[in-house]
Amino acid sequence: MSNFKSLFLNIMLERGFYNQCTNDDGFDAYLYECEKSGKPAVGYLGSDPTGDSLHVGHIVPLMMMRWFQKCGHKPLTLVGGATARIGDPSGKDKLRPFLDEETLQHNIKGLKKSFSKFLKFGDGANDAQMVDNWDWFKDINYLSFLRDIGTYYSVNRMLTMDSVKTRLEREQPMSFLEFNYMLLQGYDFCQLYNTYGCRAQIAGSDQWGNITSGTELGRRKYDVELFGFTSPIITDSNGKKMGKSEGNAVWINEEKLSSYDYYQYFRNIGDAEVGKCLRIYTDLPMDEVRRLEALKDKEINEAKKILAFEATKICRGEAEAIAAQNTAIQTFEQGEAGGNLPTIDVPSIEGLPVIDAFLQLGFVASKGEARRLIKQAGLKLNDAPIVDENYKLSAADLVNGQVKLSQGKKKHGLIKQAS
RNA sequence: GGAGGGGUGGCAGAGCGGUCAAAUGCAACGGACUGUAAAUCCGUCGACUUCGGUCUACGAAAGUUCAAAUCUUUCCCCCUCCA
């Protein structure tokens, strides 16, 4: 399997996106054929609109799609308007909450936004396109669905699928509703094949069961070979999934997370992850990746900066990436109060208790927490630890018309006095 | 429908009348050491506080008691087995 002919699969392999494929040679041949003839292959990536933005944990398949498109193929992004009304049992112990129509619409809009940061949408031959499975499920008739699709599924087989099996083994409840999820996803795949000629599905490895559900349905019902391709689940050296920072998801959409924080997330990645992340989260050529990941000790920080910059650039645009980088350099390397830090404006700084200022910046959840942090020397005012928890700000604290507040070593913010 | 077992802090999971703002583990946060890394060590981890305390919390509501997460009743939800 190391001798792929298609550009796409070679890239996947080289950059660490390759986990499992329903048929290596077949998929490779199909892609190669498409790449050679200039006729785009069509592949899809599904996601459920359970939130209004994707986060870093979703980037892996997104980047795969991005490469897919770069190789000249056409990506479809499927939002599960219908399946979200059911809930995917994979990897979950509990039934998912149902969403009302309004949130659903809101979420779909947010997802489209997330997708469009990584993929080019439009009407061109290999432009990405957004589809919603609600379109074909909303009018479906239960009996005909059972008859047309249900006949192709064996319950015996379904019971052996991981998503179902683990749930049963752990004696976690699983409703019939969820049990049907894989039929719906299988149907999605075939539906996309029928209307768009889509023959490939790309996803994280946890979707394997759902993918094969589709490829098998395709083979049985339409006599076509569909391909499934999965990425490994990317974890850090502790085996934790990527994508959480301070317990919060690192969001793709800027209204959920500032570009500076996005940048910082990648800047603070562990040493062991640098190479992996460069391959996966950036478009940098492999030569460059290899050079950067070879860096050791202090030098590896250079690699991290590039990683953070490149990753931010893809998601937030070059201007934002530069701004985030500058802010980081100013705050961390020059110890100045950079321009892009979280800022609050107050009419007058005079007499404002520091504790309240931290509260307003959102660095602390309560005054008690602020007091605690002060006792632990965790809060700083213009880089000097605060000793008096009742300290009130005054004009004397202003530096260039602003006050720099820090929590710990990494969180910095500014208070500006309206002039 | 019947019989049993449950619902405790971000999660997992003890407690089963006062000493419980609630063990322990994980996660998280601060500090030290460093490189805005990892590992390690120390500390913190409901809210408010004039630091004496005050308030809100153990599914929901009512009750017993000087005193309830702990007992009683009703309700809601979940699980297991049987039909």
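These numbers come from the heavy atoms of this one structure, side chains and all, not from hydrogens, waters or symmetry mates.
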With a 3.5 Å cut-off and just heavy-atom distances, do the side chain of Lys411(A) and the base of U36(B) make a donor-acceptor pair? no

Residues which pass side-chain hydrogen bond (donor to acceptor under 3.5 Å, both in side chains) with Tyr262(A), listed by chain and number, not counting sequence neighbours: none

Would Tyr187(A) and Phe137(A) count as a close aromatic pair, with their ring centres under 6.0 Å? yes

Candidates A32(B), G35(B), U36(B) - which lies nearest the side chain of Gln264(A): U36(B)

Pairing of Asp271(A) and Lys296(A) as salt bridge, 4.0 angstrom limit: no

Residues in side-chain hydrogen bond (donor to acceptor under 3.5 Å, both in side chains) with Glu293(A), at least two apart? Arg279(A)

So that I know where these two stand, are Phe17(A) and Phe229(A) an aromatic pair - ring centroids less than 6.0 Å apart? no

Counting primed atoms, P, OP1 and OP2 as sugar-phosphate and everything else as base, the B/S/- map of nucleotides 45-55 of chain B against protein heavy atoms under 4.0 Å is S-SSB-B----

Calculate the interatomic distance between Ile374(A) atom CD1 and C29(B) atom P; express it in whole Å. 19 Å

Among the nucleotides G30(B), G31(B), G35(B), whichever has the atom closest to the side chain of Lys380(A) is G31(B)

side-chain hydrogen bond (donor to acceptor under 3.5 Å, both in side chains) filter on Gln20(A), not counting sequence neighbours, yields none

side-chain hydrogen bond (donor to acceptor under 3.5 Å, both in side chains) with Asp397(A): which residues, sequence neighbours excluded? Tyr391(A)

Paired with Ser259(A), the side-chain hydrogen bond (donor to acceptor under 3.5 Å, both in side chains) test is passed by just one of Lys313(A), Gln325(A), Arg316(A), namely Arg316(A)

Intra- and inter-strand pairing of RNA chain B, written as dot-bracket with Watson-Crick and G-U pairs under 3.5 Å and | for the latter, reads ((((((((.[[[..)..(.....]]].(((((.......))))).(((....)))...[[[[[..)....]]]]]))))))).

